[in-house]
Each structure stands twice: as C-alpha cells, then as structure tokens.
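Take a look at the structure set out below.
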Amino acid sequence: MTAPTSDDVPRADGMPVLGLGTWENTDPDACANAVATALETGYRHVDTAQAYGNEKSVGDGLAAADVPRDDVFLATKVWADDLAYDDVLESTEESLDALGVDYVDLLYVHWPARAYDPEETLAAFDQLYDEGRIERVGVSNFEPEQVSEAVDVADAPIFANQIELHPLLQQRELREHCAELGVEVVAYSPLARGGVFDVPELTEIAEKHGISEAQVSLAWLREKGVTAIPKATSEHHIRDNWASLSLALDDEDVERIDAIDRTDRRVDPDFAPW
Ligand SMILES: NC(=O)c1ccc[n+]([C@@H]2O[C@H](COP(=O)([O-])OP(=O)(O)OC[C@H]3O[C@@H](n4cnc5c(N)ncnc54)[C@H](OP(=O)(O)O)[C@@H]3O)[C@@H](O)[C@H]2O)c1
C-alpha cells in the first residue's frame, strides 16, 4: 500500500480531516518532536490549547519542520477562565507569541463554562477575526442549543464544534445538529483515549483488514464526515494513525460500528454542560 502524502488528506472547508492532538504532551522535546515528525509525515493540522501548557513546544515543532507555516492548519483554544472580553484578546496574543505565529487558522472557545458569556466572549472572537489574528472561530464541548446560540450571537461564522467522539460515544444528535447549521465537527479523543483497543467489533474489523483498531476508528470518523485529531507521541503511533487515510471501510464494517450502542465518555469535568 502506498503511504499517503499531505496532498491525500481530504479537507473539510479548508481543514485537513486528520490532525495531530497534543493534550498531555507536556515534555517540551517530546511535544516539539511529535509535531515536527507529524508534519514531516504529511500531517497539516495541529491541535493545541492554552490549557495544555505546550503552545511554545508546538511552535518549536512547527519551526523545526521543513513545512511552510501557511501550509499548516493550526488550532488553539482559549481556556474557560479567560473568556471575558479583554482576557480573550490578551490570552490570544500570548498564544500567538508562544506559538511563534501571526495568526491561527482556528481559535476555539474551549468550554462553555466559567467566564463564558456568549455576547462578550464571541464579541472578542469577532474582533480577532476582523483583525486577521484568527482565520476561523470555533467552539468546543458545546451542546446543541449552545451551538445554535453561538451561531446567532457571533458575527463571524462558527466554523467547528470540537467534541468527544468515537465509536463508543457516537454523538448522533449533536452531529446532525451541527450539520444542519453548517458547523464542522472535530472529534477529540478519537481513540477513546485508548478505549478503542478493547472493543471486540473494532478488533475483528481491524483483523479483517490487517490493520490497527486506531485506524478503524479514524476511518469510521472520516466516513461520518468528521475531522479527527488523535494524540500521538511516538513516531510509530503518528504513522499508524496517518495510514488510516489509505483505509476504506466497507458498508458492513460501518454498519457494525454504527451498531455499537455505548455511551462511554472519557472527558467529563464537573463544569461540563451535559
Ligand atoms: N476540546 C477538548 O476539550 C479536548 C479534550 C480532550 C482532547 N482534546 C484534543 O484531542 C486530542 C486527542 O484526544 P486525547 O489525547 O484525549 O486521546 P486519543 O487521541 O483518543 O488517544 C491518545 C492515546 O492513544 C495513544 N495512541 C495514539 N495513536 C495510537 C496508535 N496508533 N496505537 C496505539 N495507541 C495510540 C496515545 O499514545 P502516545 O501519546 O504514547 O503515542 C495516547 O495515549 C488531544 O490530544 C487534544 O488535542 C480536546
């Protein structure tokens, strides 16, 4: 099988549908290496957040890789404590500084919690959008009614909702709601933080194709029109996830995964809106 190149990654309205996650990749060298390795493998989408404490290392990886900055779709998130108007503007400048870039491709509201106030928070995001400091406005962990509210309140389009999504938490209603509003869905924890390796249906499909359960989960998400951002540190994992782009599941595989009837949420802080 030929290894996919960066040109092979489908895009959802400009966003590569497979990206690299970086939560808990806090060792500076390991994080910078993972980002550089991913970019050299062909990834063109990197996801970080203020709260991950690694924007500087992500920026170092971006600078180290032999890939022009403008070819990379870079996303970060404003933490829930920094969602008052001035705090959004200030903390975003700090993020840009740490990342070593003039703009990010996508800036998310990390959680609709704590200092989140739709009018005030999104007015600051609108300002950053108008100034060209962010190319797109995103939300994360928003429930259907909160997505609708954000779409109504913001002047800039709401580009994406980043949510936990994998075969053990399929989020059908939220996916449909986002599709109706023209909001892209980005799947976080697309490997269920390791949970996908322990699901008989996924193991059987993986064995049938001679691939990993990680690739099965990522191919299923792509089949659903969802962008996935698996976190990987080792080169082996980075490449394994990348190879999911070569995998086409058949209808029977997709139906089997669709039928997994579980609600197994891996990220559930006490301030979550659900
Ligand atoms: N918006 C939010 O609130 C939010 C919440 C959670 C996550 N996220 C974003 O989504 C990203 C992904 O989610 P996640 O980090 O929670 O979990 P995940 O991507 O579902 O799983 C990551 C785990 O799987 C391992 N792994 C990766 N590829 C593998 C492979 N091919 N085979 C075996 N193991 C593999 C990783 O190990 P190694 O690291 O050792 O390679 C790591 O332990 C985050 O990093 C972050 O960018 C956002």
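Numbering of ligands and ligand atoms starts at 1, following listing order.
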(message) Is the distance from the ring center of Y43 to that of W242 below 6.0 Å?
(response)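 Yes, ring centres under 6.0 Å apart.
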Mode of [X] contact toward ligand 1 - side chain, backbone, both, neither (heavy atoms, under 4.0 Å):
X	value
D240	side chain
Y108	neither
S140	side chain
A49	neither
N141	side chain

(request) Hey, can you tell me if F73 and F159 have their rings parallel, tilted or perpendicular (30° and 60° cut-offs)? (result)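 Rings of F73 and F159: tilted, 30 to 60°.
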(request) Give a yes/no verdict on a cation-pi contact between R265 and W274, requiring under 6.0 Å between NZ or CZ and the six-membered ring centre and an angle within 45° of the axis. (result)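 Verdict for W274: a cation-pi partner in R265.
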(message) Taking distance alone, with N or O pairs closer than 3.5 Å, would you say L191 contacts ligand 1?
(response)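 Yes, at least one N or O pair falls under 3.5 Å.
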(request) Could you tell me whether D81 and R114 make a salt bridge, using a distance below 4.0 angstrom between a side-chain N and a carboxylate O? (result)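 Between R114 and D81 there is a salt bridge, with a charged N closer than 4.0 Å to a carboxylate O.
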(message) Closer than 4.0 angstrom, basic N to acidic O: yes or no for R69 and D105?
(response)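 Yes, R69 and D105 are salt-bridged.
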(message) Any heavy atom of S212 closer to ligand 1 than 4.0 angstrom?
(response)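 No, that is not the case, since the closest heavy atom of the residue is not under 4.0 Å from the ligand.
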